[in-house]
Participant: 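Next up is a structure, given as structure tokens.
Below, each value reflects all heavy atoms present in this structure, side chains not excepted, and no hydrogens, waters or symmetry copies.
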Amino acid sequence: MIDADAIRNVVILGGGPAGLTAAIYAARANLRPLVIEGGEAGGQLMLTTLVENYSGFADAIMGPDLMTAMRTQAERVGAEFLTEDAVAADLSQRPFRITTQGGTEVRARAVIVATGASAKMLGLPSEQRFLGRGVSTCATCDGFFFRQQDVVVVGGGDSAMEEALYLANMAHSVTVVHRRDTLRASKIMQDRALKHPKIAFVWNTEVAEILGDGKVRAVRLRDMTTGEITERPIDGVFVAIGHRPNTDLFKGQLAMDAAGYMVATRGTMSNVEGVFLAGDVHDHTYRQAITAAGFGCMAAMDAERWLQGDEALAPEAHWSPGQPAVATRAKPGPTRA
């Protein structure tokens with residue numbers, strides 16, 4: 001049972017790799033964190049099948065299994081969880097106030113925002129059906145499984161060109177399907193992709209349907225000019241039309257760039273003192289589970305040091321030598337300016 005009257009030292013928003021890693025570090029620092037993980041906890045890895053690029057696993061692990069293990073670890077070291085969506089946040093004064101969909105109001109001295117980002121999708125029912133079974137939104141994550149196979153990349157921006165170039169190193173062929181007759185990608189990325197011998201382009205065309213039986217075997221393409229439908233045999237479809245950071249809750253309160261990604265000002269701290277950022281919510285460059293976890297570690301350490309400098313820790317949460325929950329003690333960082 002969550003104590004609604006308590007003022008938490010740290011509240012973490014998000015239950016993906018960033019949020020759970022932040023919870024592990026915050027709990028081991030004896031901050032007694034509360035994780036508001038959302039109704040669909042686990043982040044984008046919940047939509048992933050085999051994960052082979054997360055350090056520490058000699059054999060591939062299923063995405064949901066990895067997230068379950070991380071959550072169990074966070075809970076074991078003392079993190080608490082609230083499986084509801086946060087629907088409102090007041091960061092105008094401290095303690096900060098977070099309201100959940102169930103009507104619970106949580107107060108916090110520090111907040112770590114790890115709400116992640118969501119890949120933009122095509123909106124096809126078949127796309128969801130084959131997600132993780134031939135449809136992917138991350139070449140770095142899943143390209144290994146398509147060695148010497150034929151794949152399609154959907155999109156025309158820098159992300160799509162990056163995906164195509166990455167896949168060209170291992171796939172038999174890469175076909176870029178784009179709705180327009182020109183690319184939106186930067187000139188240097190266009191040149192690299194257009195000159196690559198393994199990358200072909202289909203212009204003025206959209207993916208109308210993804211076909212298969214258990215896994216992807218073909219795509220149905222629609223010519224945007226003539227409306228003609230054609231079918232192309234294929235082994236995989238990589239959707240690369242961008243990501244949408246899950247930051248709507250904080251518009252008008254936290255600094256964001258033009259695409260909606262949050263902007264850190266000092267370490268992982270946002271423009272609001274005591275609010276820290278972790279993972280894909282502000283990282284639009286790497287977007288990997290392991291880098292999100294790294295940011296979660298950094299945000300928790302930054303929050304702990306800031307709370308110590310701010311002298312805002314609850315009395316029972318101050319660290320003292322010999323506490324078994326804490327293996328190492330970081331040196332105090334700078335106090336607030």
Participant: Does any part of the side chain of E228, heavy atoms only, come nearer than 4.5 Å to the side chain of T230, both counted from C-beta?
Facilitator: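 Yes, side chains in contact.
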Participant: List in chain and number order the residues that pass side-chain contact (heavy atoms from CB on, under 4.5 Å) with M262, two or more places apart in sequence or in another chain; answer none if no residue qualifies.
Facilitator: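 Counting only residues at least two positions away or on another chain, M262 forms a side-chain contact (heavy atoms from CB on, under 4.5 Å) with V113, T247, F250, L254, M256, L277, V281, H282.
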Participant: Start with the C-alpha gap between V106 and R8, add the side-chain angles, then the distance that decides, and say whether side-chain contact (heavy atoms from CB on, under 4.5 Å) holds.
Facilitator: CA-CA 8 Å; V106 179; R8 297 279 174 165; 4.1 Å; yes
Participant: Return the CG to CZ distance between L66 and R71, rounded to the nearest 0.5 Å.
Facilitator: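 CZ of R71 is found 14.0 Å from CG of L66.
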Participant: Clusters formed by hydrophobic residues whose side-chain heavy atoms approach within less than 4.5 Å: which one holds M224, and what are its other members?
Facilitator: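 Other cluster members: none.
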Participant: Please examine the side chains of M189 and L165, heavy atoms only from C-beta on, and report whether any two atoms are closer than 4.5 Å.
Facilitator: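 In contact.
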Participant: Mind checking whether V174 and V153 have side chains closer than 4.5 Å, heavy atoms only?
Facilitator: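 They are in contact (side-chain heavy atoms under 4.5 Å apart), so the answer is yes.
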Participant: Could you walk me through whether I188 and R192 pass side-chain contact (heavy atoms from CB on, under 4.5 Å), step by step?
Facilitator: CA-CA 6 Å; I188 189 170; R192 289 175 183 172; 3.4 Å; yes
Participant: Nearest 0.5 Å, what's the CG-CG distance between N204 and L221?
Facilitator: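 The CG atom of L221 is 12.5 Å from CG of N204, to the nearest 0.5 Å.
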Participant: Can you tell me if R129 has over 12 outside heavy atoms packed within less than 6.0 Å of its CZ?
Facilitator: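 Yes - once you tally the heavy atoms of other residues, nucleotides and ligands closer than 6.0 Å, there are more than 12.
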Participant: In the hydrophobic cluster built from side-chain contacts under 4.5 Å, what are the other members alongside M298?
Facilitator: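 Same cluster as M298: F295.
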Participant: If you look only at pairs with a residue in residues 206-218, which of them pass as a side-chain hydrogen bond (donor to acceptor under 3.5 Å, both in side chains), with sequence neighbours excluded?
Facilitator: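 Every pair satisfying side-chain hydrogen bond (donor to acceptor under 3.5 Å, both in side chains) with a residue in residues 206-218: S126-E209, R179-E206, E206-R222.
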Participant: Could you list the residues that satisfy side-chain contact (heavy atoms from CB on, under 4.5 Å) with A259, not counting sequence neighbours?
Facilitator: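 Partners of A259 by the side-chain contact (heavy atoms from CB on, under 4.5 Å) criterion, ordered by chain and then number, come out as D257, Y261.
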Participant: Checking side-chain contact (heavy atoms from CB on, under 4.5 Å) for the pair F96/Q253: CA distance, chi angles, key distance, verdict?
Facilitator: CA-CA 12 Å; F96 304 121; Q253 300 189 81; over 6 Å; no
Participant: Using the ring pair (Phe, Tyr, Trp, His ring centres under 6.0 Å) criterion, which residues pair with F238? Sequence neighbours excluded.
Facilitator: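 Residues passing ring pair (Phe, Tyr, Trp, His ring centres under 6.0 Å) with F238: F146.
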Participant: Give, for atom CE of M67 and atom CG of D65, the distance between the pair rounded to the nearest 0.5 Å.
Facilitator: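 Going from the CE atom of M67 to the CG atom of D65 covers 11.0 Å.
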Participant: Taking the side chain as C-beta and beyond, is there a heavy-atom pair between R232 and V202 under 4.5 Å?
Facilitator: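 R232 vs V202: side chains touch.
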Participant: Sort and list the pairs that fulfil side-chain hydrogen bond (donor to acceptor under 3.5 Å, both in side chains) and have at least one residue in residues 164-174, not counting sequence neighbours.
Facilitator: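 Only D150-H172, D150-S173 qualify under side-chain hydrogen bond (donor to acceptor under 3.5 Å, both in side chains).
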Participant: Any chance you could measure E75, atom CD, to E80, atom CD, to the nearest 0.5 Å?
Facilitator: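 Rounded to the nearest 0.5 Å, the CD-CD separation comes out at 9.0 Å.
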Participant: Can you list every ring-ring contact (aromatic ring centres under 6.0 Å, His included) pair that touches residues 185-237, not counting sequence neighbours?
Facilitator: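 Sorted result for residues 185-237: F201-W203.
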Participant: Only pairs at least two apart or in different chains count here, so list each salt bridge (charged side-chain N to carboxylate O under 4.0 Å, His left out) that has a residue in residues 275-301.
Facilitator: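 Non-adjacent pairs meeting salt bridge (charged side-chain N to carboxylate O under 4.0 Å, His left out): zero.
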Participant: Not counting sequence neighbours, which residues clear side-chain contact (heavy atoms from CB on, under 4.5 Å) with A299? List them please.
Facilitator: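 With neighbours one apart ignored, the set is I112, T268, F276, A278.
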Participant: To the nearest 0.5 Å, what is the distance between CG on L167 and CZ on R147?
Facilitator: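 It is 13.0 Å, given to the nearest 0.5 Å.
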Participant: I'd like to know whether L31 forms a side-chain contact (heavy atoms from CB on, under 4.5 Å) with E304, so could you lay out the CA-CA distance, the side-chain angles of the two residues, the decisive distance to 0.1 Å, and finally the verdict.
Facilitator: CA-CA 8 Å; L31 294 177; E304 189 270 341; 3.8 Å; yes
Participant: Between R266 and E273, does a salt bridge (Lys or Arg N to Asp or Glu O under 4.0 Å) hold up when you go through it step by step?
Facilitator: CA-CA 10 Å; R266 185 172 74 252; E273 286 277 331; 3.4 Å; yes
Participant: Quick one: pull up CG in L194 and NZ in K187 and give me the separation to the nearest 0.5 Å.
Facilitator: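 L194 atom CG to K187 atom NZ measures 8.5 Å (nearest 0.5 Å).
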Participant: Counting heavy atoms not belonging to F57, are there more than 12 under 6.0 Å from its CZ?
Facilitator: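 Yes.
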Participant: Just jot down the ring pair (Phe, Tyr, Trp, His ring centres under 6.0 Å) partners of F130, sequence neighbours excluded, or say none.
Facilitator: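 So F130 forms no ring pair (Phe, Tyr, Trp, His ring centres under 6.0 Å) with any residue.
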Participant: Just jot down the side-chain contact (heavy atoms from CB on, under 4.5 Å) partners of T182, sequence neighbours excluded, or say none.
Facilitator: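 Checked T182 against side-chain contact (heavy atoms from CB on, under 4.5 Å); zero matches.
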